[in-house]
Protein chains: 4
Amino acid sequence: MSSGSTFKRLPRAVREQQMLDAAVRVFSRRGYHAASMDEIAEDAGISKPMVYAYLGTKEELFVACLHREGTRMMQAIAAAAAPELPADERLWRGLRAFFGFVGAHRDGWAVLYRQARGEQPFAGELATMRARLVEVVAGMLDHALRAEGREVAGTELEVVAYALVGASESLADWLADHPEADPERTATRMMNVAWLGAGQLLRGVTWQPPQR
Amino acid sequence: MSSGSTFKRLPRAVREQQMLDAAVRVFSRRGYHAASMDEIAEDAGISKPMVYAYLGTKEELFVACLHREGTRMMQAIAAAAAPELPADERLWRGLRAFFGFVGAHRDGWAVLYRQARGEQPFAGELATMRARLVEVVAGMLDHALRAEGREVAGTELEVVAYALVGASESLADWLADHPEADPERTATRMMNVAWLGAGQLLRGVTWQPPQR
Amino acid sequence: MSSGSTFKRLPRAVREQQMLDAAVRVFSRRGYHAASMDEIAEDAGISKPMVYAYLGTKEELFVACLHREGTRMMQAIAAAAAPELPADERLWRGLRAFFGFVGAHRDGWAVLYRQARGEQPFAGELATMRARLVEVVAGMLDHALRAEGREVAGTELEVVAYALVGASESLADWLADHPEADPERTATRMMNVAWLGAGQLLRGVTWQPPQR
Amino acid sequence: MSSGSTFKRLPRAVREQQMLDAAVRVFSRRGYHAASMDEIAEDAGISKPMVYAYLGTKEELFVACLHREGTRMMQAIAAAAAPELPADERLWRGLRAFFGFVGAHRDGWAVLYRQARGEQPFAGELATMRARLVEVVAGMLDHALRAEGREVAGTELEVVAYALVGASESLADWLADHPEADPERTATRMMNVAWLGAGQLLRGVTWQPPQR
DNA sequence: CATGAATGAGGATTCATTCAT
DNA sequence: TATGAATGAATCCTCATTCAT
């Protein structure tokens with residue numbers, strides 16, 4: 001009645017965001033299981049049935065959280081690591097965006113991530129996100145390789161990328177637990193580990209297990 | 001008549017191991033929360049009260065699992081990576097032992113590890129183990145550094161070590177999820193990432209963030 | 001259609017009273033330990049979770065019963081024994097109110113009282129109530145004393161009051177166990193014991209242990 | 001073999017006493033329900049099956065405790081209050097013996113008594129003991145009455161006796177809770193309350209409720 | 001739209017009690 | 001005799017989820 005627009009459903013969208021905010025807070029504070037729908041509803045300043053009406057079951061709610069936070073993070077990274085940049089530049093910017101994001105959403109995203117790993121229902125959701133990251137990183141490595149006229153089997157690349165992503169996640173955990181730590185600095189450290197190691201690989205230097 | 005009775009009235013030590021075996025299985029199958037003491041007892045072929053009598057509360061039981069598996073793993077690694085070996089040799093053997101262990105205890109240790117990360121009560125226990133690993137790895141790096149006449153701030157070393165451990169854990173997760181994968185091969189890959197990257201660092205090569 | 005539905009969706013205050021009623025019944029029937037929350041809920045015609053939601057833990061529930069019944073009783077006594085009356089009149093009216101209350105709430109209050117004495121968690125709660133009663137009685141005695149120009153050490157008075165209260169409690173137990181007995185009559189008997197004995201004391205008559 | 005006596009069963013009797021000692025300790029420390037057979041066995045320095053073999057079920061064990069302590073107390077009182085003494089002397093000696101017993105067995109008997117009141121299975125046992133006491137006290141009163149050429153209905157006497165016993169029990173509870181208090185002194189106080197009140201009654205002095 | 005009222009279902013934990021050695 | 005091993009049976013309590021207003 002107040003505006004001519006036919007949409008009067010915006011409030012709903014707003015409410016949903018509030019709920020997700022609350023859910024993220026509570027899930028991160030308590031962990032998935034220890035979090036109760038009661039607490040989430042209360043933290044959102046709304047009654048429980050509303051939460052169910054809007055976001056569905058506890059599991060669905062958690063997935064929604066995962067989704068929103070994951071998407072935000074991926075977008076932050078994607079926006080920073082534009083494909084037209086050189087590989088090292090992309091990696092660096094990507095890492096900086098990643099750790100920046102984690103630093104800014106410490107108790108939120110980092111703990112959500114930590115939660116999702118343990119609970120089977122969300123393994124898939126998380127694996128998908130991680131796979132996207134791995135793919136991106138592998139792509140960077142491949143790009144750099146080709147630029148130097150080299151080539152490495154896809155599987156090989158993927159495993160390396162997987163390791164790099166894993167290292168980053170661990171440092172992110174560490175960062176999330178150390179409020180005084182500087183995200184940018186953490187990114188630099190990770191870049192050192194990643195790029196120097198990967199760089200060697202790209203150059204064909206490999207370490208060989210000693211013949212026993 | 002003497003050996004006919006199938007499985008009854010075993011000595012405590014034996015039953016405790018059976019229970020721990022069952023607990024590891026069930027925790028890894030279901031996750032910490034979804035696992036019920038009923039199922040664990042049943043899987044161990046014993047009644048619930050015995051579990052409580054011998055291993056205590058669900059939380060204590062989980063800690064006991066963590067402990068046993070963690071100790072086994074640390075011993076496997078320690079036995080392989082003798083301190084008198086040169087640093088790269090130590091690292092390599094340690095990694096091989098680590099991935100070998102994970103490969104052999106796939107559904108056990110790897111998933112336990114995965115569980116322990118998520119649940120606050122066990123964060124401490126796990127952090128301790130991880131810290132020991134990080135310390136060992138940092139020690140290797142430091143050793144190698146000094147052998148080359150170089151030196152790096154302890155904190156710096158630790159962060160690198162942390163990243164390497166994190167990468168290894170990620171690959172271990174991956175290994176645990178891919179029954180067909182070869183532990184040794186995974187170890188080799190990790191060694192490549194670790195040693196080449198770390199090697200560069202040790203030699204004073206560092207990557208610098210571009211001045212923006 | 002409007003008044004047809006038998007018993008559903010009542011306001012909280014009502015349900016709480018129903019639950020307390022049921023709890024008093026069951027606790028008195030079975031004793032604190034033997035009473036199960038299941039039985040209480042069933043007797044209240046409601047599901048267990050509601051009991052927990054409204055009145056909390058079994059212990060808290062019992063305390064709530066204690067509280068309600070205790071308050072009711074104290075009010076009954078206080079209303080009857082107005083402070084401006086002469087001491088013997090007050091004592092008499094107080095006793096009459098007390099035994100009247102017990103007679104009317106036989107299976108309720110009397111047995112609750114009986115329960116609370118045995119269980120350590122409630123000792124405090126009960127001691128407080130009893131202390132209030134003792135204080136009131138001691139006050140009556142003191143008042144009467146002063147009216148006659150006499151004085152007795154506070155401790156001494158308190159012990160006498162304690163004994164009188166104890167005697168009343170015992171008779172109350174007896175009354176609770178004898179449905180055919182008349183509360184008023186019991187009160188008269190108690191008054192006889194109390195007032196005559198106390199009266200003597202107040203007059204300075206004391207009994208002395210024989211020198212051995 | 002060592003002594004000629006055919007009885008080699010004495011050890012059993014000794015063991016039973018040890019167990020009862022332990023049981024009394026534990027029951028009084030924890031209360032009937034909170035006491036566990038495990039703790040009792042441990043406190044007795046013996047294995048659980050032994051306790052069952054000797055003293056039977058937990059309930060039976062408690063009854064046995066009740067019995068032993070009750071008997072001891074009644075004997076102490078009976079021994080002190082010889083029937084040939086004058087009534088006041090008997091009452092005084094009986095009270096002194098009673099409070100003396102409670103003072104000496106504070107945590108034992110007093111708490112047992114406290115326990116037995118609450119639990120239905122033992123109500124009977126306790127009622128019997130109390131009835132004996134009441135009977136004895138009523139007998140004293142009756143005796144004194146007749147000595148003065150008076151007579152009172154049995155019921156009436158009983159109620160007065162009941163009140164006196166109740167008052168004594170309350171003071172005993174109080175005594176059990178105040179380790180520094182002197183049993184003899186407590187007995188004197190009780191005697192004052194009892195004898196003066198009863199004395200009046202015996203003399204035909206009665207208090208009458210005001211005609212309303 | 002919004003909520004207080006209500007519950008089914010399930011999980012941890014404890015104990016008295018009894019075999020089998 | 002004496003005991004370590006073992007369990008059936010309860011009981012408390014919590015939570016996700018849904019009506020009825």
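Note on naming: letters A, B, ... go to the chains in the order of the sequence lines (proteins, then strands), and numbering restarts at 1 for each one.
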Notebook entry, point to check: 5'-most contact on DNA chain F: B:Arg12 or C:Glu59, nearest heavy atom basis?
Noted result: B:Arg12

Margin query: Can you measure D:Glu39 atom CD to E:dC15 atom P for me and round it to whole angstrom units?
Written below: 10 Å

Next item on the list: Using whole Å, report how far CD of C:Glu16 lies from P of E:dA5.
Entry: 9 Å

Check: Does a nitrogen or oxygen in the side chain of D:Arg15 sit under 4.0 Å from OP1 or OP2 of F:dT1?
Finding: no

Item checked: Spacing between A:Tyr52 atom OH and E:dA2 atom P, to the nearest angstrom -> 18 Å

Next item on the list: When you get a sec, tell me which of E:dT7, F:dG4, E:dA5 is the closest nucleotide to the side chain of C:Ile46?
Entry: E:dT7

Check: Hey, does C:Ala35 reach any base, or is it just sugar-phosphate, or nothing, if we go heavy atoms under 4.0 Å?
Finding: sugar-phosphate

Checklist line | Non-hydrogen atoms of B:Met19 and B:Val51 that approach each other most closely | finding: SD-CA, 3.8 Å

Item checked: Base E:dT17 paired with D:Lys58 side chain (donor-acceptor, <3.5 Å) -> no

Item checked: Distance, rounded to the nearest Å, where C:Met37 contributes CE and E:dT13 contributes C1' -> 17 Å

Next item on the list: Return the value, rounded to whole Å, for the distance between atom NE2 of C:His33 and atom P of F:dC12.
Entry: 9 Å

Item checked: Greater than 12 external heavy atoms within 6.0 Å of D:Gln17's CD -> yes

Margin query: Looking at the base of F:dT7, is there any donor atom on it, or on the side chain of B:Lys48, that sits under 3.5 Å from an acceptor on the other one?
Written below: no

Note to self: Distance alone, cut at 3.5 Å: any donor-acceptor contact between the side chains of A:Glu119 and B:His33?
What the structure shows: no

Next item on the list: Just call it for A:Met50: base, sugar-phosphate, or nothing, with non-hydrogen atoms closer than 4.0 Å on any strand.
Entry: base

Check: Rounded to whole angstrom units, what separation is found between the CD atom of A:Glu42 and the P atom of F:dC15?
Finding: 13 Å

Notebook entry, point to check: What's the closest nucleotide to the B:Pro49 side chain, out of E:dA9, F:dT7, F:dC19?
Noted result: F:dT7

Check: Between A:Tyr32 and C:Ala34, which is nearer to the 5' end of DNA chain F once each is assigned its nearest nucleotide?
Finding: C:Ala34

Item checked: Distance in angstrom units between D:Tyr54 OH and F:dT1 P, rounded -> 6 Å

Notebook entry, point to check: Is B:Arg117 salt-bridged to B:Asp173, cutoff N-O under 4.0 Å?
Noted result: yes

Notebook entry, point to check: Applying a 3.5 Å limit to both distances, which nucleotide forms a Watson-Crick or G-U wobble pair with F:dA20?
Noted result: E:dT3

Next item on the list: Take the protein atom CG of B:Leu61 and the nucleotide atom C1' of E:dT13, then report the distance between them rounded to whole Å.
Entry: 13 Å

Notebook entry, point to check: Does E:dG10 have OP1 or OP2 sitting under 4.0 Å from an N or O in the side chain of B:Ser36?
Noted result: no

Notebook entry, point to check: Considering the options B:Tyr113, B:Phe122, B:Phe62, which one meets the ring pair (Phe, Tyr, Trp, His ring centres under 6.0 Å) requirement together with B:Phe27?
Noted result: B:Phe62

Item checked: Under-4.0 Å side-chain N/O to phosphate OP1/OP2 contact, A:Thr57 with F:dA16 -> no

